[in-house]
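Report on the structure given below.
Within every chain, numbering begins at 1; the chains are lettered A, B, ... in the order of the sequence lines, protein sequences first and strands thereafter.
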2 protein chains.
Amino acid sequence: MNRKAPVKRTRAKQTRLSADDRRSEFVTKATELFADEGFGGGTRALARKLGVTQPLLYRYFPSKDDLIKEVYRKVYLGPLETGWEKLLSDRSRPLRVRLQEFYQAYTDAIFTRKWLRIYLYSGLKGLDINRWYVGMVKDKILSRIIRECRHDAGLATQSRPSAAELELAWVFHGGIFYYGVRRYIYEAPVLEDKAQMISDALDVFLAGFERLAENSDDRQRAPLKVVV
Amino acid sequence: MNRKAPVKRTRAKQTRLSADDRRSEFVTKATELFADEGFGGGTRALARKLGVTQPLLYRYFPSKDDLIKEVYRKVYLGPLETGWEKLLSDRSRPLRVRLQEFYQAYTDAIFTRKWLRIYLYSGLKGLDINRWYVGMVKDKILSRIIRECRHDAGLATQSRPSAAELELAWVFHGGIFYYGVRRYIYEAPVLEDKAQMISDALDVFLAGFERLAENSDDRQRAPLKVVV
DNA sequence: ATCTTTGGTGATCGGTCGATAAACTGGTTC
DNA sequence: GAACCAGTTTATCGACCGATCACCAAAGAT
């Protein structure tokens with residue numbers, strides 16, 4: 001039936017972009033999509049967000065998995081700054097101030113709905129990049145914080161942080177991190193003033209670290225045992 | 001072709017269970033599956049874990065979503081104990097000991113790969129039951145801890161915990177929680193001795209809370225401002 | 001004005017998913 | 001031993017997913 005004049009279908013209007021622009025647009029919107037729906041989010045939904053058709057994705061990425069890797073790269077590496085290590089180690093300023101300033105900047109960088117969700121999703125997948133990030137936090141941030149705390153308490157700073165010290169720093173760090181999770185993932189009511197939360201947490205941490213440092217020798221020989 | 005004698009296909013051997021047993025087996029294995037692969041895990045993979053066929057699921061649950069809800073119920077409500085509140089409030093014993101004992105028991109209950117992964121997955125979905133759980137932690141655990149800490153520091157215990165106090169307790173609690181995440185989700189190297197980690201974290205928290213309590217009046221009138 | 005390049009679309013394929021209907025079978029009851 | 005019930009399987013449906021291919025049209029080059 002009707003074999004003549006192939007019905008001239010109205011084509012969807014094209015909005016042509018340069019290859020680079022389109023590619024980065026894919027990554028940007030994919031980050032949003034995957035943050036919202038997890039990495040199970042469909043390529044068609046992604047294309048809809050760009051106002052293009054789904055096959056176009058495959059002109060820029062060989063597979064969905066490659067797109068996902070690109071999203072990781074952008075999310076994990078994006079907010080990273082090189083100045084953090086120097087900021088933490090600048091002994092011309094009080095440790096308390098350095099820590100407050102660092103955590104202010106660090107949380108400004110990662111406390112977004114997008115970053116936290118992508119981070120948690122990738123953590124649940126057990127990806128290498130997640131392990132790399134955790135290692136980076138340990139080496140570049142926590143180890144340095146411990147060294148500075150030791151120096152501040154008049155202890156030796158040569159030896160590497162003990163496992164117990166590292167754990168202490170991790171609990172502190174994790175506590176602050178979890179504030180972001182409660183706020184931007186659970187969307188639970190939290191103390192609005194992030195700066196005050198950091199400040200209070202720092203007070204507790206520093207006061208506690210000092211007290212531990214005082215009897216650090218005793219602790220190493222006979223670790224505190226608690227009735228269980 | 002071959003219209004005669006409907007080929008007597010060899011049927012998969014049945015292992016018949018009582019309705020209750022089969023149902024709870026579905027929930028158990030579903031918990032494992034969803035913990036591993038998220039709630040996107042397929043019903044066919046689930047059936048394979050039970051050694052049955054996929055449609056059997058729908059004799060016990062109207063939909064996959066109902067199965068998921070059952071998994072939530074079991075996971076969230078399972079490890080909950082009623083004794084925790086009394087344990088925390090028993091002033092005949094030192095606060096330090098009570099807290100150590102409580103967090104020992106609490107982390108024994110929730111620090112499993114299964115529990116933590118289901119919890120995080122459901123948190124990312126923004127489910128009501130997750131909100132309920134967070135509220136429960138706040139009301140039943142953290143508020144009570146604050147009250148006991150106040151009592152221990154010789155402060156009034158009538159007024160409800162301030163937002164700042166709650167936040168302090170949350171950061172402490174979240175720090176301990178994050179230990180479980182690092183250990184069982186990131187599978188990162190952590191301090192093996194969980195009891196020591198709790199003990200150290202408690203030392204820091206209690207020492208810090210004491211110090212804050214000392215100038216609590218000052219803090220309320222003129223909250224500590226930090227150079228940013 | 002035409003050619004070439006390249007960003008973009010339409011159609012479609014094989015696979016997987018949740019869900020349904022109907023047939024089959026082991027065990028219990030009368 | 002016939003009838004029935006409950007647990008299980010086979011077969012299949014419609015929707016969706018990632019991926020591929022041939023084709024199309026807008027911009028730059030000649």
- Query: Do B/Trp84 and B/Tyr106 have ring centroids that are under 6.0 Å from one another?
  - Reply: yes

- Pull out every residue in residues 28-42 of chain A that has a heavy atom closer than 4.0 Å to any atom of DNA chain D, ordered by number, or say none. A/Gly41, A/Gly42

- Message: Please tell me whether B/Tyr178 and B/Arg182 have a donor and an acceptor in their side chains that are separated by less than 3.5 angstrom.
- Response: no

- Query: So what does B/Arg22 touch, heavy atoms closer than 4.0 Å: a base, only the sugar-phosphate, or nothing?
  - Reply: sugar-phosphate

- Message: Suppose we call a contact any N or O donor and acceptor under 3.5 Å apart; does that hold for the side chain of B/Arg16 and the base of C/dT25?
- Response: yes

- Message: Under the rule for ring pair (Phe, Tyr, Trp, His ring centres under 6.0 Å), what residues qualify as partners of B/Phe61, not counting sequence neighbours?
- Response: none

- Taking atom P of C/dG27 as reference, at what distance in whole Å does atom CG of B/Asp21 sit? 15 Å

- Item | Residues B/Glu32 and B/Arg113 bridged, charged N to O under 4.0 Å | no

- How close or far is atom P of D/dA25 from atom CG of A/Leu56, stated in whole angstroms? 16 Å

- Message: I'd like to know if the side chain of A/Ser24 and the backbone of A/Asp21 have a donor-acceptor N/O pair within less than 3.5 Å.
- Response: yes

- Message: Testing the 3.5 Å rule here: is there a donor-acceptor pair between the side chains of B/Ser89 and B/Arg144?
- Response: yes

- Pair B/Asp36 + B/Lys114: basic N to acidic O under 4.0 Å: no

- Indicate whether OP1 or OP2 belonging to C/dG8 is found under 4.0 Å from a side-chain N or O atom of A/Tyr60. yes

- Item | Strand contacts (DNA chain C) in residues 61-68 of chain A, 4.0 angstrom heavy-atom criterion | none

- Task: Decide, yes or no, whether a salt bridge links A/Glu192 with A/Arg183 under the criterion of side-chain N to carboxylate O below 4.0 Å.
- Result: yes

- Contact list for DNA chain C against residues 43-53 of chain A - heavy-atom distance below 4.0 Å: A/Arg44, A/Val52, A/Thr53

- Query: What pairs with B/Tyr184 under ring pair (Phe, Tyr, Trp, His ring centres under 6.0 Å), at least two apart in sequence or on another chain?
  - Reply: none

- Query: Quick one: B/Arg59 CZ to C/dG26 C1', roughly how many Å, whole number?
  - Reply: 14 Å

- Query: By salt bridge (charged side-chain N to carboxylate O under 4.0 Å, His left out), which residues pair with B/Arg131, not counting sequence neighbours?
  - Reply: A/Glu187

- Ignoring hydrogens and angles, tell me if any N or O in the side chain of A/Thr31 forms a donor-acceptor pair with the backbone of A/Val27 under 3.5 Å. yes

- Query: For B/Leu57, which contact category applies under a 4.0 Å heavy-atom criterion: base, sugar-phosphate, or nothing?
  - Reply: nothing

- Note on the structure: Looking only at D/dA6, C/dG8, D/dT20, the nucleotide nearest the A/Tyr58 side chain is D/dT20

- Message: I need the CD-C1' distance between B/Gln54 and C/dA21, as an integer number of Å.
- Response: 13 Å

